[in-house]
Structure formats: C-alpha cells, structure tokens
Amino acid sequence: MKKFYLLILILFTLGSASAQNRIELSQEKVKIDGNYFYAHTVKKKETLYSLGKAYGVTVDVIVKNNTSLATGLKEGAVVYIPVAEQDQSVANNPKQATAKQKKYKRHTVKWYEDITDISEKYNVPVAAIMALNNLPDGKLKTRQVLQIPDAAYMASFTADAAAGADPSAAMQDTPATPADSVANAADSVGIGSGIALSGRGEVVGREQESPLEIALVLPLNSNTPESISTNFMDFYAGALLAVNDIKERNLTVNVYDIAEYSPLHTLLDVPGFANNTLIIGPAHSSRLKEVAGYASTHGIPLVSPLDNTAEPLVEECKYMIQVPVSPQCQLENLVDQLNEQYRREPAPVLLITEKAGADAAYAARAKELLDSLAIPYHNISYGILEGRTISETLVSIVDTLNGTPNLALVPSNSEAFVSDVVRNLDICLNYGNTKMIAYGLPKWRNFETINVELYHKLNLHLSIPYFVDYTHPDANRFLLAYRALYNTEPSPYAFQGYDITKYFVDLAKRYGKSFINLKTFAPAQMLQCNFNLKPAGTENQGIVNVATRNIIYNPDYTITLQR
C-alpha cells in the first residue's frame, strides 16, 4: 500500500520531473477597480500552478484576472495576482496592520493526513493546533493551510489551560489562515456526476461521520522509475484530481501497487484491506476474478475500470461493477441511433456485411436488432473482391430523388472491407439528390487507410466507449488543472481515472457499501465516458454500464457529441 511516496512519485514522473524554481514574491502592489493586486513579472520555468501556490490563489483566479493568459504564460510578462483577503483589508486600511501579527510555520494539509498526523509531525498537541487555527471539531480539508504553534504560543496556551481559560483566545491578534487560502489548479475543477435514485433491498445512507476508505489497485510497477507503467500512473493522476474535487473530509485513499503482491492473496491479507468501502481495480480481468471472491465475502463493491472482457464476472459476483461497455452493447446503442433517425424520416436502410468475414457475429446480431425493431432493410453481403461491382446494386436501392438520408449500417471491423464500403457509398452520393448517413463501429476511428473526409461526407455516426468533448467547460477545467499540476497533457487513462473515481466515490460517499443494492441509477455524463448502470440480471449478479458516447462526423468537418 502506498500513501506517501506514490504521491511524490507521480509529481516527479508525469512530466514535472524538474522541480519548480522558488517563486520570489513581488513587493509591488497596484490598485485596480478598488482592489489590490501583486504585479508579478514571470520568470523562466514559472507556471500558473507555481504562481498560484506561492501567492495562495487558484489558477482560475489568476486566469480570470489576466485576459492575456489566453495565449499562455510567457517569460517577462506581467501577471496581476489578487492580494489575499486578509492582506487586502490591510492594504485598504493600513492602520489595521499590527506588529503583533506573527508569522508561524505553516503546513499544507495533504489528502492522506488528519490532525493527529500533523500533531505527531511537529510534536505539538492537537488541542493547540485546533486553538491556533480556530478548528472547533478538528476536521481538515485537503490543501488547507495550518499555522503550527511555536514555543511562545505553547507557553501561553499551557498557562491559559492551567488557569482554566479558553485557549482559543490566547492569540486572537493572530487570525487563523482561511481553510482554503492555498489551493492548486485541481481545486478549480468542479464536475458533477449522477447520483442513485432508487434501490432494491435495503439501501442505507452512510453515517455522516463514518470513515470512507477507497482502494485503488493498479499495476503501477513503481519500484523503479524504469519500470513505471505510464498509463496506470496517468489513471492514478486523474484519480487524485477527483479525490481533491470531492473534498470529503473522512475520505482515505489506499493505493496498492499490485506489482508488489505476488501471489495476489498477499494483497488481500494486508491488514485493514477489508475496511475499504470500495475497490477500484485491478485493471485486468484475470486479476479481477481473483479479487471478486474476496469482494463477495466482505460485501465490498468492486469496480472493473478498464478491461471490457471482464463482463462475464458480473454473472458470478453480485458486487462486481463492469464500467467498460461491451462491444455488443456498443452495437445495440448504434442501432438505437439508426432507429431514432428512421422513425423521424423513414428511408431505405442498408445492412452491408462481408461474406465469410470475421465479423459474422456482429452481422447476425445487427439483423436480430433490426428485426426486433421492425425496421425493414436490404442486406447487401459481398466479398472484398466483388467491391468494384457492388456500387450499381447500392444505387438501385437508395433513394436518389427526395433528399431523405439513406441509412447504411456496416457492422464490420475489417479495415479493407470498410474502406471498400465507404468508397461505394461515396459513389452513391454522386447520383441525383442522394444523401447518406453511415453507422459504423468504434474501431473505424483508428483506420489509417480511409480518408476521414469520407466519414464527414457520409455523416458517419459512431457509438463509442470514450470521447472527450474539449469544447465543454468541464473538460477544459480538468485540462487546465492537469497541466498546471503535472506539467503534461492528460492521456485517456487520466480522464478515465478521474471519471471512475469521481462517480463511484460520490456514490460511496452517499450510501456507503450499500449502493451496490441500488436498482436504478441516474445516468451521468462525465469527462470522457458516460454512466448508465443496470443490474445485470438476478439479485445475485452484478452491475454493468450500458452507456456509450454517440458522436457524429458532420459535413462541415466538425465532430459533435450527442448530449
């Protein structure tokens, strides 16, 4: 289990290996629209995150007050940074400044720390920290800045306590630092998720003060920098931003590098592992199968975060939650799109399949779905060598006069066959007033031999597991926070780490372990994927995600996400 050095490790392996130079705070203040700002001249290697940390403001605040940052942070530029609230009042009323205000040592609370940890770190009583920082209940927030009592304060505190006085009044001339006065870019990420609506069986909300422990079980290979798994470290990085965004005081994230536990039962035997409210991972189906039995025995929801071949485990384990959507479900959602279009504007439907192709199962399932929806269709099945003769057949079937889009469903992952189909459909567009909407499989996005311009001409519709709409403000906030914190671009694994952690920790935060008994969940659109959880079947089976992201290649060469 890693709590301390993995957090440090990620900061030094994900593109931010070189430490930031110490920020020299500007002594120059300017007054703009009645408010005071530091005028900071940007130096080499300084970032928005390092500036925000040094001045005690979020990256969003800096960007909001400097429109010039739209083109990036540039060396030599002057950035105006708002003076902190306490300093602002002093700047507006200089007489309020007093020599009695002391500068105590400060400590920024890490996400894995509580007040006892900090008390032991500095060898000062918990009560003294609470008194100096005006903490009536001792609860802390991640990145909260605490003032640490020094010897002089302790002498006064001890004397007041001995005399029966209220220790919290001992240093009233030294106001406590506001809880959120120092924050990094992640504090600006505010992304919502769905919550459960109704349940099956007994669903009990989590007690307000009960601890919430989450296990992240990932193959990080973190023993040496040379062996680190970049993809799973990215997942972990995204999860950290989600944890920061959730801001649950009683939340502990236990990180387990599965590479260090062989055989796997040594992980399950770790003291306290059964205390976890939720397990996210392992990443691969073979390891998930080993953990599924443990999850059932201890009643802990187990999330399969990345492997779409793990869905069969749902039939064996009530506590299993399969997030990646199965290929069959992707096809079903694609046909649903076609059905919606057909009901709006009935038109010829073409089911184009490859003779004796490797995707015979997809073709058979597509026929079943069309038949179940009572959609009439023309099944054109041909071999790749017949491609040059099939265009006349297609033209004879499609509507070339009325301008109503013809619908072509092509359930194939063969790049050669799809390339030929796309070419033939493009030929059809040259006849009369022919219009076309093509429906394909997710793998099409990775085909390199097909001109993507044809996808746009055919108004291609795809139903895919993952897609990031960078025009959405939530995605932009995450992108800004990730860049600021890690000094690199987020990969799909980072987005997935955020989405899964945010969604399921929110559920656990609300219901504890019992969320697994919920029968109906509110659909949620996250950053990269959607969630629409459904019980797989009987009471003894787990939960599957059936939500995909539906994207459209538009004729104007844009790609839009249907919301």
Side-chain angles (χ1 to χ4, degrees), residues 3-5 7-8 11 19-29 36 38 40 49-58 81-184 187 244 247 249-250 252:
K3 283 190 180 180
F4 296 92
Y5 86 83
L7 179 59
I8 298 172
L11 293 174
Q20 295 288 344
N21 291 341
R22 183 177 181 85
I23 301 292
E24 183 178 344
L25 298 182
S26 173
Q27 299 301 311
E28 181 183 353
K29 293 180 183 178
Y36 284 87
Y38 292 105
H40 181 92
Y49 167 60
S50 63
L51 290 177
K53 185 175 181 181
Y55 285 95
V57 297
T58 65
I81 303 173
V83 174
E85 183 178 349
Q86 177 181 315
D87 293 339
Q88 189 81 257
S89 64
V90 172
N92 285 298
N93 301 283
K95 292 181 181 181
Q96 291 183 9
T98 170
K100 293 182 180 180
Q101 291 180 330
K102 294 185 61 176
K103 290 186 177 180
Y104 290 96
K105 180 184 293 185
R106 294 186 175 189
H107 177 88
T108 303
V109 179
K110 312 298 189 299
W111 57 269
Y112 51 77
E113 292 180 321
D114 59 25
I115 197 165
T116 303
D117 296 326
I118 298 166
S119 169
E120 293 173 353
K121 177 181 177 68
Y122 293 100
N123 194 28
V124 295
V126 168
I129 298 175
M130 291 173 60
L132 178 57
N133 293 278
N134 192 25
L135 301 173
D137 55 9
K139 292 182 179 180
L140 304 178
K141 295 181 180 179
T142 301
R143 304 200 179 279
Q144 179 174 348
V145 178
L146 299 179
Q147 297 182 109
I148 305 302
D150 60 8
Y153 181 89
M154 284 307 304
S156 176
F157 177 84
T158 304
D160 287 341
D166 179 5
S168 65
M171 296 294 288
Q172 288 190 4
D173 58 338
T174 308
T177 304
D180 297 317
S181 63
V182 176
N184 66 10
D187 291 325
N244 187 81
K247 300 186 185 304
R249 292 182 179 182
N250 291 323
T252 300

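Using modelled atom types, one side-chain atom of Asn133 and one backbone atom of Gln147 make a donor-acceptor pair closer than 3.5 Å. In terms of modelled atom types and a separation under 3.5 Å, the side chain of Tyr153 and the main chain of Leu132 share a donor-acceptor contact.
Remark: Leu146 CG to Ser119 OG distance equals 11.5 Å, nearest 0.5 Å. Going from atom NZ of Lys53 over to atom OG1 of Thr108 covers 6.5 Å, rounded to the nearest 0.5 Å.
Counting only residues at least two apart or in different chains, ring-ring contact (aromatic ring centres under 6.0 Å, His included) contacts with residues 114-145 comprise His107-Tyr122.
The heavy-atom pair separating Tyr104 from Ile148 by the smallest distance is CD2-O, 3.6 Å.
Side chains of Ile115 and Met130 form a contact here, defined as non-hydrogen atoms less than 4.5 Å apart. Residues His40 and Leu51 have side chains in contact (heavy-atom distance under 4.5 Å, counting atoms from C-beta outward).
Annotation: side-chain contact (heavy atoms from CB on, under 4.5 Å) contacts of Ala54 (sequence neighbours excluded): Ile23, Leu25.
Each of Val124, Leu140, Thr116 was checked for a side-chain contact (heavy atoms from CB on, under 4.5 Å) with Ile129, and the lone residue meeting it is Val124.
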